[in-house]
Structure formats: C-alpha cells, structure tokens
Amino acid sequence: MEKIAFLGLGRMGLPMARRLASGGYPLTVWNRTPGRVPEPVEGSVEGLVEVADPAAAVRGAGVVVTMLADPAALAAVARQIVAELAPGTVWVDMSSVGPAAVAEARAQLPDGVGLVDAPVLGSVGPAGTGGLTVLVGGGPEDVERVRPVLERLGRVVDCGGPGAGAALKLVAIGAIVGGVAVVAEALALAGSLGLPEELAEGVLAAGPLGGLVARARAVDADFPVRLAAKDLALAGGGPVLGAVRERLLAQPELAEQDLARWVDAVRAGG
C-alpha cells in the first residue's frame, strides 16, 4: 500500500488515522500541537509515524489527507505543503471548510497533483470504526484513485465535481444543527407548558424528527458547539440558520462541549 500523510490529529483526525493504519496503510502524521500519537501499548500496532512539520509529512506520500478545523488552518497548511507535493499525488481534504476554501487550495496545486474534497458526517465513534459518511467531490480519476482509502473510513457518497462534497457538507450540517436547535426549543416549550419531558420527547422521537431527537440526546458524540457555529457561518443561509448560530455563540462557556450539552442548557432554560 502506498504511503499516506495524514495532517490533523484532532477529535476526528486521530481515530481516522488509526483506522487507516489498522488497515495496513503506512502513515506519516502531523498535528499542530505535537504529541497526539500515544506510545503504543505492548502488543498493539499503532502504525503512525509523527513528524514535526507538514512539509516533512507529505514528502514521498502518494495520498495526503487533511482533517483540519477551519479554512484558516487549511490555508496555513497549504502554504507549507504545496511545494512538496509530487506529480501523481492526490490530496484529500476531509475538513469542513466549504467549497471556497477548497477551491483556493486547488488553485495553488502544482501540475499533476489532484485534490478531492471529502468531508464527513459522523462523530468520534464512527471515525474509529469505519462508520462515517464520506461526501466526495472531485475529478473522476482522482476520486477513483483514493476510493479504497475513503472506503476504509466509511460509506462513500459521490457528490459530483470539485467542491461538491464540501458544498453538500454545509447543506447537511446546516439541516442537522438547525434541526437539533428546533428539538431543543420544542423540549423547552414542553417544559414551560408543564408537560412531562418524557412524553414530549417520545412523541417527537416517533415522528419525522426522530433522528434529530436522537442526536439531541446523544451521549457518545463529540461535535463541539464552536465547530457547529463555524459550519453555520460557512453555510451562510437565511435568517433561521443565522439565528441558530447566534444562539450557539451566546453561551461561550459551552464552546467545547458537544452539541447535545447545548441542548440540555436550552431545555433547562439557559
């Protein structure tokens, strides 16, 4: 298997890198804050070689994967790696940064280097088990080249040409976060009207909002409120999503908590 460089070992990146390594891919990894790769325990096969800078990580890699926090982080990494990308390399950006940031990165590429946008839906648990949904945009040859890598991480959804995966991620996350906010306010309304929470939640869960109710009550997800607000800002959208973003930002003490903890605060009248 060809070498993969994996850049960005945050909440999602580290379990994704481990998932690729456990499939036999040799990985060189980098993270802005070093030391994210733990020492392997006896009998384990970590398969991750951590290096000090992204340029060193991508040298000799046939596939480069980035999983970064926002467009600024992607741009900063791009400035450091584009000169090191050899012809024939395919860069797979799995960050949630929107199509404009992906297009900006693509415009910097040397001749013969491809870029596939492949943001994901799912949280930390599925990231480590291959249960993500991978939204893929790019040229057909580049997509086919990296499809085995992406299928190791989850179910691949072919979205179209360059930027289509990044665009669909904004559509999906806007609907999810907006829907979770609706569930939160509906449960708060039920409480204000004196209805038992279990009754209101059960009725909502049995209807078309069932999936959103499950996400609002999740205990094993790790999607920080600040990243939800960032994604809504990238999506733009109309007044509803704008109001949800403002509501998310109104409680900075919850910025690093999962979205479900924000729901708890709304239900409690916070």
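Please read these numbers as outputs of a predicted model, since none were measured by experiment. The analysis underlying the following values was restricted to heavy atoms, covering all of them including side chains, and did not include hydrogens, waters or symmetry mates.
L85 and P110 get closest at one heavy-atom pair: O-CG, 3.9 Å. The heavy-atom pair separating V266 from A188 by the smallest distance is O-CB, 3.5 Å. Nearest heavy atom pair, residue A17 against residue L9, reads CB-CD2, 4.0 Å. In this structure, A229 and L249 approach most closely via the heavy-atom pair CB-CD2, 3.7 Å. The two atoms that bring W262 and A184 nearest to each other are CZ3-CB, 4.2 Å, heavy atoms only. A228 and L259 make their closest contact through CB-CD1, 4.4 Å (heavy atoms, listed as atom of the first residue, atom of the second, distance).
The cluster map of Ile, Leu, Val, Met, Phe, Trp and Tyr, joined by side-chain heavy atoms under 4.5 Å apart, puts V225 and V177 in the same cluster. Both V263 and L232 sit in one connected hydrophobic cluster of ILVMFWY residues. Membership requires side-chain heavy atoms under 4.5 Å apart, directly or through other members. Residue M67 is grouped with residue L132 when hydrophobic side chains (ILVMFWY) are merged at heavy-atom distances under 4.5 angstrom, including chains of intermediate members. L135 is not connected to L170 by any chain of hydrophobic side-chain contacts under 4.5 Å among Ile, Leu, Val, Met, Phe, Trp and Tyr, and they are in different clusters. Note on M12 and V116: same hydrophobic cluster, where clusters join Ile, Leu, Val, Met, Phe, Trp and Tyr whose side-chain heavy atoms are under 4.5 Å apart, directly or indirectly.
Atoms CG and CG, on L227 and L234 in that order, are 10.5 Å from each other to the nearest 0.5 Å. Atoms OG1 and CZ, from T28 and R59 in turn, are 11.5 Å apart once rounded to the nearest 0.5 Å. Considering CG of L14 and CG of N31, their distance stands at 8.5 Å, rounded to 0.5 Å. Of the inter-residue distances, the one linking L168 atom CG with L121 atom CG reads 7.5 Å to the nearest 0.5 angstrom. With values rounded to the nearest 0.5 angstrom, E246 atom CD is found 11.5 Å from L241 atom CG. With values rounded to the nearest 0.5 angstrom, E2 atom CD is found 8.0 Å from Y25 atom OH.
Checking D222 against S123 by side-chain atom types alone, no donor-acceptor pair falls below 3.5 Å. With no hydrogens or angles considered, a side-chain donor-acceptor pair links S22 and R152 at under 3.5 Å.
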Quiz item: Can you check side chain to side chain contact (heavy atoms under 4.5 Å, CB included) on V143 and L150, steps first, answer last?
Solution: CA-CA 9 Å; V143 170; L150 300 179; 5.7 Å; no
Practice problem: Step by step, work out the side chain to side chain contact (heavy atoms under 4.5 Å, CB included) result for V97 and L68. | Solution: CA-CA 8 Å; V97 294; L68 304 167; 5.9 Å; no
Self-check item: Derivation of the side chain to side chain contact (heavy atoms under 4.5 Å, CB included) call for V240 and V182
Solution: CA-CA 10 Å; V240 172; V182 168; 6.0 Å; no
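No donor-acceptor pair under 3.5 Å is formed between the side chain of E185 and the backbone N or O of A181. Side-chain atoms of D231 do not come within 3.5 Å of backbone N or O of I173 as any donor-acceptor pair. Of the possible donor and acceptor atoms, one in the side chain of R145 sits under 3.5 Å from a partner among the backbone N and O of G88. Side-chain atoms of R106 come within 3.5 Å of backbone N or O of L115 as a donor-acceptor pair. In terms of modelled atom types and a separation under 3.5 Å, the side chain of K169 and the main chain of S95 share no donor-acceptor contact.
Ion pairing of R226 with D70 is absent here, as no side-chain N (NZ or NE/NH1/NH2) approaches a carboxylate O to less than 4.0 Å.
Side-chain contact between V120 and P126: absent, with no pair of heavy atoms (C-beta onward) separated by less than 4.5 Å. Using a 4.5 Å heavy-atom cutoff, the side chains of L7 and V64 are in contact. With contacts defined as side-chain heavy-atom distances shorter than 4.5 Å, the pair E144/R147 qualifies. Residues Q257 and D264 are not in side-chain contact: their nearest non-hydrogen atoms beyond the backbone lie 4.5 Å or more apart. Using a 4.5 Å heavy-atom cutoff, the side chains of V136 and V146 are not in contact. Considering only heavy atoms from C-beta on, V92 stays 4.5 Å or farther from V149 through its side chain.
For E253, the CD atom is densely surrounded, since the number of other residues' heavy atoms within 6.0 Å is greater than 12.
Only one option out of R215, R217, R11 pairs with D258 in a salt bridge (charged side-chain N to carboxylate O under 4.0 Å, His left out); it is R215.
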